[in-house]
Amino acid sequence: MFSYVFMKILEMRPRSYDRQMDRISGGRVRAAKEAVAAEVPKGSHVLEIGCGTGELAGLMIRRGATVEGFDLSPSMIRTATERIQTENLANRFSVSRMGVDGMDRLQDNQFDAVVSTLVFSELSDDERRYALNQAKRILKPGGMIIIADEVVPKTFFQRI
């Protein structure tokens, strides 16, 4: 519960979100995003679930991808849009305000890759299942799903 509340506090400050996440994770969040971006082939059409501040989108675009992202947070969307425009990458980025429940509006076989970082741990089991089923539907044949997320251990001893 504490980590969920802490994440929500960080999300209220989108301009410092990436810096704070990097600080508290010892750089692991940025490294995870770089690893995800490295797996996306050049020229890919990518859907990013929960694009947040646009950090991962920028990494993928600089590697040659075109990215469509979505997020629920208007302040994160504004930050992502500003970041991508500032980095002169806006011609290969679009963003929408929606949650995973809006994925049913996306066309079949549309994307080469579907990616997500630090989102699936915030979804319910039903939302995760729905998002994965929709991702499978909207992927082109041979497409890939790449998810980097935190895992919350279930038992007290595992958490220690």
Side-chain angles (χ1 to χ4, degrees), residues 1 3-4 7-8 10-11 14 17-18 21-22 25 27-81 83-84 87 89-155 158-159:
M1 180 65 167
S3 85
Y4 176 80
M7 289 287 291
K8 292 302 173 194
L10 288 179
E11 288 173 8
Y17 177 85
D18 295 322
M21 288 299 290
D22 240 18
S25 72
R28 288 187 297 276
V29 169
R30 173 70 183 203
K33 289 178 182 180
E34 289 172 352
V36 168
E39 292 297 320
V40 174
K42 183 177 181 175
S44 294
H45 184 202
V46 180
L47 176 69
E48 183 178 2
I49 298 172
C51 65
T53 65
E55 182 178 42
L56 175 56
L59 292 168
M60 291 185 293
I61 293 167
R62 282 191 292 283
R63 294 181 54 84
T66 299
V67 179
E68 292 184 37
F70 69 84
D71 204 289
L72 278 174
S73 168
S75 60
M76 288 290 202
I77 290 170
R78 271 192 306 280
T79 301
T81 302
R83 165 186 251 142
I84 298 299
E87 295 178 13
L89 304 171
N91 61 331
R92 301 217 328 259
F93 179 71
S94 63
V95 64
S96 305
R97 182 169 188 247
M98 71 178 203
V100 295
D101 59 337
M103 291 175 69
D104 62 346
R105 295 183 294 240
L106 300 170
Q107 295 177 13
D108 292 357
N109 305 315
Q110 182 179 0
F111 296 96
D112 300 300
V114 176
V115 303
S116 182
T117 57
L118 299 178
V119 173
F120 274 68
S121 59
E122 295 186 23
L123 301 176
S124 70
D125 289 344
D126 288 340
E127 289 171 321
R128 280 192 289 274
R129 193 170 5 294
Y130 181 80
L132 290 170
N133 285 330
Q134 290 299 314
K136 180 181 175 189
R137 179 186 62 78
I138 63 176
L139 278 173
K140 294 177 183 174
M144 61 176 67
I145 299 172
I146 307 169
I147 299 170
D149 216 313
E150 64 183 339
V151 176
V152 180
K154 296 198 183 287
T155 70
Q158 288 173 329
R159 284 191 296 273

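Residues L132 and F120 meet the side-chain proximity criterion, which asks for heavy atoms closer than 4.5 Å. Between L89 and R62 there is a side-chain heavy-atom pair separated by less than 4.5 Å.
Residue pairs meeting the salt bridge (Lys or Arg N to Asp or Glu O under 4.0 Å) criterion with at least one member in residues 110-119, sequence neighbours excluded, are D112-K140. Under the salt bridge (Lys or Arg N to Asp or Glu O under 4.0 Å) criterion, the residue pairs touching residues 34-52 are R30-E34, with sequence neighbours excluded. Annotation: side chain to side chain donor-acceptor pair (under 3.5 Å) contacts involving residues 95-108, sequence neighbours excluded, comprise D108-R137.
For F93, there are no ring-ring contact (aromatic ring centres under 6.0 Å, His included) partners at least two apart in sequence or on another chain. Remark: D126 pairs with R129 by the side-chain hydrogen bond (donor to acceptor under 3.5 Å, both in side chains) rule, at least two apart or across chains. Evaluation of the salt bridge (charged side-chain N to carboxylate O under 4.0 Å, His left out) rule for R63 yields no partner, not counting sequence neighbours.
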Under the criterion side-chain contact (heavy atoms from CB on, under 4.5 Å), I'd like the reasoning laid out for E122 against E127: C-alpha separation, chi angles, the key distance, then a yes or no. CA-CA 9 Å; E122 295 186 23; E127 289 171 321; over 6 Å; no
Worked verdict on M103 versus L47 for side-chain contact (heavy atoms from CB on, under 4.5 Å): CA-CA 10 Å; M103 291 175 69; L47 176 69; 4.1 Å; yes
Kindly indicate, with the supporting measurements, whether the criterion side-chain contact (heavy atoms from CB on, under 4.5 Å) is fulfilled by V95 and F70. CA-CA 5 Å; V95 64; F70 69 84; 5.6 Å; no
Passes side-chain contact (heavy atoms from CB on, under 4.5 Å), R83 versus T53? Steps please. CA-CA 7 Å; R83 165 186 251 142; T53 65; 2.9 Å; yes
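Scanning both residues, A65 and V40, for their nearest heavy atoms gives CB-CG1, 4.2 Å. The two residues P41 and S44 come nearest to each other via the heavy atoms O-OG, 2.6 Å. The two atoms that bring L139 and N109 nearest to each other are O-OD1, 3.1 Å, heavy atoms only.
Distance CD/E150 to CG/L118: 6.5 Å, rounded to 0.5 Å. Within the model, atoms CD1 of I146 and OG1 of T117 stand 11.0 Å from one another, a figure rounded to the nearest 0.5 Å. Between E55 atom CD and I84 atom CD1 the span is 10.0 Å, to the nearest 0.5 Å. We find the CG-SG distance between L72 and C51 to be 10.0 Å, quoted to the nearest 0.5 Å. The CG atom of L106 sits 4.5 Å away from the CE atom of M98 when rounded to the nearest 0.5 Å.
In this structure, the side chain of D71 engages the main chain of G52 through a donor-acceptor pair within 3.5 Å. Although no hydrogens or angles enter the test, the distance criterion places a donor-acceptor pair under 3.5 Å between the side chain of S116 and the main chain of I49.
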